[in-house]
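Each chain gets a letter, A, B and so on, in the order its sequence line appears, and its residues count up from 1.
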Amino acid sequence: MIAKELRSLLGDAYRLAVSEGLLPPVELPEFVLERPRQKAHGHWATNLALLLAGSLKENPRRIAEAIAAKLEGIERRGNPTIERVEVAGPGFINLFLKKERILSELTRVAGEGDDYGKWSFGEGKSILVEFVSANPVGPLHVGHGRWAAYGDALCNLLEAVGYRVEREFYLNDHGTQMENFAASVEARYLQLGGLEAEVPEDGYHGSYVKDIAQQIWEEEGDRWLEASPEERRRHLGELAYHKMLEEIRTTLEELGVRFDRWFSEREMHRRGEVEKVISQLLQGGLAYERDGAIWMATSRFGDEKDRVLVRSNGQPTYFAADIAYHLDKARRGYWRLINIWGADHHGYVRRLQAAMEAQGYPGKLEVILGQLVNLKRGGEPVRMSKRTGEMVTFRELLKEVGKDVARYIFLTRSQDSPLEFDIELAKAESMENPVYYVQYAHARICSIMRYAEEKGVRTVGGIPAPQVLERLVAEEEIDLALKLFEFEELVRDAALERAPHRLTRYLEDLSALYHLFYQRHRVISDDPELTEARIFLSLCTRQVLANGLRLLGVSAPERM
RNA sequence: GCGCCUGUAGCUCAACUGGACAGAGCGGCGGACUUCUAAUCCGUAGGUUGCAGGUUCGAGUCCUGCCAGGCGUGCCA
């Protein structure tokens, strides 16, 4: 891998300069090695000398010159990577690669195929990612869709760098919201039976509740009208809950997101885990009683104040259940827990992390806050409340724009930037969505391959001989090849930064370079060697496009 | 009041965590299909990165103070 190789060459060059007394010794800083925006700045460039200037108290250009000289020395002793080194500006070291090295790297891309871009530094350590976790009392809203797409792509990335990943959905199927939901469905059911009934003030007023009641009415008929209120509410609530859960599951499937586990809060309560945790905390001196309630001493672990676990009416809080749930996750032995939460939960992060630390799991829980989606329609804000009838569900949106567009729109944005989502704009732009730009590049290459086969040109098998690859000399070809090589580091960085959106940007740049290459050069020509070389370059590009799209969970079509 | 996030082209967003002339898409304007897919390509216009200071070789990025927006700040979930 070129970047890695250049990094170690730079380190060697510096140490060599030190050993010859040209530069004072100091620990090598974390330096940037990047593909510069401008071609004049080389194939790769580094700020190493600029960083060293601080600790060495030395002119950065002089440091750069010394390193550059040693670098060329190393190169002359037979390491065929660098063609030329230049010192530029305040002390940048610009590196120009040997043509042969670029071509040999290209064969690596082809050789690794579907594995190109993968790493193993995760060492098989296990990560549990919990995301979406929407309450099963209403359909998913657009924000859930965003976090689902983000979470799934993040999981793909973590897997690509060598972690074992499990996707988990925490089901809040317990507590007052479930009761309110049941009461709301019951009211709608009774109305269908011609009886007087009102949806409670703090119930759910969305039209989907009517739809569910209607379905139940059709399936169950009027048999619950006469039942005892307790039994009726319990049954209707259960039926509605399972319908809602199915709706959520289906929507996520339509987005291409599958969870390994649906963890039920209710089951956890039934197993007595919540009570057990509370008594353990009391015994361990981490919780105490005051004003008739039980409090956890989270403030001893960095929280602003202590938090209630059990209210004075005897009911455990949501926080208590969350502690039990996260303790359960921690005890399952994962190397790390990642939660993706809506930004409206950010006030909750510290107290839960405090609770984890109190129980002997400091640093185990990583919380990623996904910013909310601001839904608009033609510039006008749209409310997303489950309680009012006015709502655009994520599923409706998904139907209108399709899985690939939806995922891509969400994944082009950094997760900590609030997203403005204009429905009309999204519909209009779905035809112009950049996802098609990337997919088109992939389909276009497939199309060229089909054409080649018609012409009897071989498109599969084997790495071209060196003299064939050397036919790749055009600027567009070299630019394209160099762009391919950025993919590996990009996957690593995107995984470590939890930033799948970096991939979309890259794929668009890569596609642009391919479209440009296509525009200016014919792949299939009368020149057999040149044709072979260009087919090979095209196939490498297709491979990287496919690998990138796979990480995003977006399809790579063979024709469009 | 306090805490977290955000403020970049007309619009939606990037900018590899302090690097070289701040970039894409959409929208605007002008061009390119007899040749492997025009869902493409080329050119052009568009910016005091919310404001004011500071840190240094170098700031959209870091520090301070303002301004604006979102979210949070429950014995709610």
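A straight line from CG of A/Asp303 to P of B/rG72 spans 18 Å, rounded to a whole angstrom. Distance, A/Glu508 CD to B/rC41 P: 11 Å, rounded to whole Å. Distance CD1 (A/Ile409) to P (B/rA14): 14 Å, rounded to an integer number of Å.
Few gaps surround CZ on A/Arg492; more than 12 heavy atoms of other groups in view lie less than 6.0 Å from it. Around CD of A/Glu497, the count of heavy atoms belonging to other residues, nucleotides or ligands within 6.0 Å exceeds 12. Other residues, nucleotides and ligands place more than 12 heavy atoms under 6.0 Å from the CD atom of A/Glu267. Counting heavy atoms of neighbouring residues, nucleotides and ligands inside a 6.0 Å radius, atom CZ of A/Arg559 does not exceed 12 of them. A/Asp526 CG: 12 or fewer foreign heavy atoms inside a 6.0 Å radius.
Of the candidates B/rC16, B/rG3, B/rA14, B/rC16 carries the atom nearest the A/Asp493 side chain, counting heavy atoms from C-beta on. Among B/rG23, B/rG19, B/rC42, the nucleotide with an atom closest to any side-chain atom of A/Leu516 is B/rC42. Distances were taken from every side-chain heavy atom of A/Glu420 (C-beta onward) to each of B/rU37, B/rG19, B/rC13; the shortest belongs to B/rC13. For A/His346, the listed nucleotide lying nearest its side chain is B/rC4; candidates were B/rG23, B/rC4, B/rA15. Minimum atom distance to the side chain of A/Ile448 is reached by B/rU37, of the listed B/rC71, B/rU37, B/rG19. Set against B/rA14, B/rC4, B/rA39, the side chain of A/Ser414 has B/rA14 as its closest nucleotide. Comparing B/rC71, B/rA24, B/rA20 against the side chain of A/Leu372 picks out B/rC71 as the nearest.
At a threshold of 4.0 angstrom between heavy atoms, the contacts of A/Glu304 with the nucleic acid are absent.
Just one residue in the list A/His521, A/Arg534, A/Arg471 forms a side-chain hydrogen bond (donor to acceptor under 3.5 Å, both in side chains) with A/Glu477, and that residue is A/Arg534.
In terms of position along RNA chain B, the nucleotide closest to A/Arg502 lies nearer the 5' end than the nucleotide closest to the other residue of the pair A/Tyr437 and A/Arg502. Residues A/Met449 and A/Pro60 both approach RNA chain B. Their nearest nucleotides, taken by heavy-atom distance, put A/Met449 toward the 5′ side.
The six-membered or imidazole ring of A/Tyr440 lies away from that of A/Tyr437, with a centre-to-centre distance of 6.0 Å or more.
For the OP1/OP2 pair of B/rC16 and a distance below 4.0 Å, the side-chain nitrogens and oxygens of A/Arg492 include no atom meeting the criterion. Taking 4.0 angstrom as the limit, A/Tyr440 places a side-chain polar atom (N or O) nearer than this to OP1 or OP2 of B/rA39. Contact annotation: A/Tyr436 does not reach the phosphate of B/rG25 (side-chain N/O to OP1 or OP2, under 4.0 Å). For A/Tyr506 and B/rA15, the shortest distance from a side-chain N or O to OP1 or OP2 is not below 4.0 Å. Checking the phosphate oxygens (OP1, OP2) of B/rA20, a side-chain nitrogen or oxygen of A/Arg37 falls inside 4.0 Å.
Using modelled atom types and a 3.5 Å distance limit, the side chains of A/Tyr325 and A/Glu168 yield a donor-acceptor pair. With 3.5 Å as the limit, one finds a donor-acceptor pair spanning the side chains of A/Asp306 and A/Tyr288.
Separating the C1' atom of B/rG60 from that of B/rC16 is a span of 15 Å, rounded to the nearest Å. Nucleotides B/rA52 and B/rA68 are separated by 15 Å at their C1' atoms, to the nearest Å. Taking atom C1' in both B/rG1 and B/rC26, one finds a spacing of 42 Å when rounded to whole Å. Separating the P atom of B/rG50 from that of B/rC11 is a span of 14 Å, rounded to the nearest Å. To the nearest whole angstrom, the two C1' atoms, one in B/rG18 and one in B/rG58, are 8 Å apart.
In this structure, A/Phe92 forms an aromatic stack with the base of B/rA20, since both conditions hold: centre separation below 5.5 Å and plane angle below 30°. Here A/His501 does not lie in a stacked arrangement on the base of B/rA14, lacking the combination of planes under 30° and ring centres under 5.5 Å apart.
Note on A/Glu486 versus A/Lys483: salt bridge recorded, some NZ/NE/NH1/NH2 to OD/OE distance being below 4.0 Å.
Stem regions annotated for RNA chain B: B:1-7 with B:67-73, B:10-13 with B:23-26, B:28-32 with B:40-44, B:50-54 with B:62-66, counting only runs of 3 or more consecutive pairs of Watson-Crick or G-U type with both contacts under 3.5 Å.
The closest side-chain heavy-atom distance from A/Leu50 to A/Pro90 is below 4.5 Å.
A tilted orientation is assigned to the rings of A/Phe410 and A/Phe394, their planes being inclined by 30° to 60°. Between A/His141 and A/His144, the ring-plane angle classifies as parallel under the 30° and 60° cut-offs.
Using a 90° window around 0 for the glycosidic torsion, B/rU17 falls inside it and is classed as syn. In B/rC41 the O4'-C1'-N dihedral to the base is more than 90° from 0, which defines an anti nucleotide. Applying the 90° criterion around 0 to the glycosidic angle, B/rC33 comes out syn.
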Kindly give the atom pairs (protein nitrogen or oxygen, nucleotide nitrogen or oxygen) under 3.5 Å for nucleotides 7-9 of chain B.
none

Nucleotides 74-77 of chain B: which of its N/O atoms have a protein N/O under 3.5 Å away?
unit_1, atom_1, unit_2, atom_2, d
B/rG74, OP2, A/Lys305, NZ, 3.1
B/rC75, O2, A/Ser312, N, 2.7
B/rC75, O2, A/Ser312, OG, 2.9
B/rC75, N3, A/Ser312, OG, 3.3
B/rC75, N4, A/Asp291, O, 3.1
B/rC76, OP2, A/Arg311, NE, 3.4
B/rC76, OP2, A/Arg311, NH1, 2.5
B/rA77, OP1, A/Arg311, NH1, 3.4
B/rA77, OP1, A/Arg311, NH2, 2.5
B/rA77, OP2, A/Tyr318, N, 3.3
B/rA77, O3', A/Gln177, NE2, 3.3
B/rA77, O2', A/Gln177, OE1, 2.8
B/rA77, O2', A/Gln177, NE2, 3.4

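Not one N or O on the side chain of A/Asn94 forms a donor-acceptor pair closer than 3.5 Å with the backbone of A/Ala45.
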